[in-house]
**Student:** 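Take a look at this one; I'll ask things after.
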Amino acid sequence: NAGVTQTPKFQVLKTGQSMTLQCAQDMNHNSMYWYRQDPGMGLRLIYYSASEGTTDKGEVPNGYNVSRLNKREFSLRLESAAPSQTSVYFCASSEEAISNQPQHFGDGTRLSIL
Amino acid sequence: TQLLEQSPQFLSIQEGENLTVYCNSSSVFSSLQWYRQEPGEGPVLLVTVVTGGEVKKLKRLTFQFGDARKDSSLHITAAQPGDTGLYLCAFPTGGFKTIFGAGTRLFVKA
């Protein structure tokens with residue numbers, strides 16, 4: 001049972017470079033989310049997709065874009081990476097975009113921007 | 001200022017000890033969730049509490065939701081090294097957004 005799979009697990013970028021973080025879930029969930037986790041800050045929502053074909057901004061969307069490619073896949077793109085975007089990024093999914101439903105998380109992508 | 005304040009931020013104890021960690025807010029919660037995150041992994045939901053005063057038990061873990069639904073606690077009895085991890089409380093806001101606390105990092109020494 002894969003659940004939520006994120007790639008890559010680690011990445012180092014130089015300031016100004018771009019990259020896409022990939023996320024796929026095999027639980028037939030409708031809703032998917034991208035978070036970043038920083039020390040002392042908790043998980044903060046970047047973007048979410050309530051259902052296939054829709055995306056919406058979360059708490060900290062600046063500097064990021066997302067694509068809900070199909071029901072399974074939800075990618076996060078950094079167009080021009082900045083050191084402030086150094087973080088651990090988590091993708092999550094839930095059956096529906098009702099916030100008291102359990103969210104299932106991937107194991108994260110650890111991103112460092114120099 | 002965090003909507004959810006978790007305390008302590010860090011806790012290091014010996015195997016076999018008991019401990020309690022707390023999640024507090026000035027807001028009233030419709031429900032509250034606890035997640036555990038092990039090193040190098042994503043958070044995993046442990047429990048959801050929805051009723052003021054509710055107590056839920058999960059083996060050696062006891063979760064309590066405050067009567068006024070503004071706070072919650074997690075008590076671990078006879079902690080084991082496998083309990084090591086980051087414990088996060090989370091507030092489902094009723095919309096699409098769940099607000100997470102910064103967590104309590106627990107280390108249980110063998």
Side-chain angles (χ1 to χ4, degrees), chain A residues 1-7 9-10 21 23 25 27 29-51 54-61 66 68 87-110, chain B residues 1-11 21-25 27-52 54 56 58 63 65 69 72 85-105:
Chain A
N1 295 334
V4 178
T5 302
Q6 293 184 236
T7 56
K9 293 189 184 302
F10 302 93
L21 308 186
C23 175
Q25 52 92 9
M27 295 172 283
H29 285 169
N30 287 307
S31 305
M32 299 184 73
Y33 312 83
W34 276 105
Y35 292 90
R36 58 179 290 172
Q37 185 175 38
D38 301 292
M41 299 290 290
L43 288 158
R44 292 182 291 168
L45 184 65
I46 304 171
Y47 272 92
Y48 66 94
S49 171
S51 60
T54 69
T55 61
D56 285 285
K57 295 178 180 179
E59 183 183 356
V60 288
V66 291
R68 183 74 182 267
S87 188
V88 183
Y89 291 86
F90 287 97
C91 177
S93 70
S94 64
E95 286 189 23
E96 302 289 345
I98 302 170
S99 58
N100 63 356
Q101 285 212 341
Q103 294 188 21
H104 299 260
F105 288 82
D107 286 340
T109 293
R110 283 144 188 84
Chain B
T1 302
Q2 293 267 350
L3 178 63
L4 292 173
E5 297 288 341
Q6 291 194 243
S7 61
Q9 290 184 346
F10 182 79
L11 190 57
V21 299
Y22 301 92
C23 177
N24 295 286
S25 176
S27 301
V28 175
F29 304 127
S30 54
S31 62
L32 193 134
Q33 296 171 327
W34 284 94
Y35 286 78
R36 178 169 65 206
Q37 184 178 9
E38 298 188 15
E41 298 183 7
V44 175
L45 181 68
L46 296 173
V47 75
T48 301
V49 286
V50 297
T51 306
E54 182 176 3
K56 282 192 173 180
L58 187 65
F63 304 86
F65 201 14
R69 291 186 289 130
S72 182
L86 180 67
Y87 289 81
L88 299 163
C89 65
F91 168 38
T93 62
F96 301 126
K97 184 178 177 182
T98 296
I99 298 173
F100 287 84
T104 291
R105 191 166 297 278

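In the text below, chain A, chain B and the rest are named by the order of the sequence lines, each starting its count at 1.
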**Student:** Please state whether the side chain, the backbone, both or neither of A:Arg44 comes within less than 4.5 Å of a heavy atom of chain B.
**Tutor:** neither
**Student:** Would you check if the side chain of B:Gln9 reaches a backbone N or O of B:Ala102 as a donor-acceptor pair within less than 3.5 Å?
**Tutor:** no
**Student:** Side chain from CB out, backbone as N, CA, C, O: work out which of these in B:Leu86 comes under 4.5 Å of a heavy atom of chain A, or both, or neither.
**Tutor:**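 Just the side chain, heavy atoms under 4.5 Å.
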**Student:** May I ask you to decide if the ring planes of A:Phe90 and A:Phe105 are parallel, tilted or perpendicular, using 30° and 60° as cut-offs?
**Tutor:**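 Answer is perpendicular, since the angle exceeds 60°.
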**Student:** Quick one: what part of A:Gln6 sits under 4.5 Å from any heavy atom of chain B, side chain, backbone, both or neither?
**Tutor:** neither
**Student:** What residue, out of B:Gly103, B:Pro43, B:Gly40, has the most heavy-atom pairs lying under 4.5 Å from chain A?
**Tutor:** B:Pro43
**Student:** Give me the atom names and distance for the closest heavy-atom approach of B:Leu4 to B:Phe91.
**Tutor:** CD1-N, 3.8 Å
**Student:** The criterion is side-chain contact (heavy atoms from CB on, under 4.5 Å); which residues satisfy it with A:Lys9, sequence neighbours excluded?
**Tutor:** none
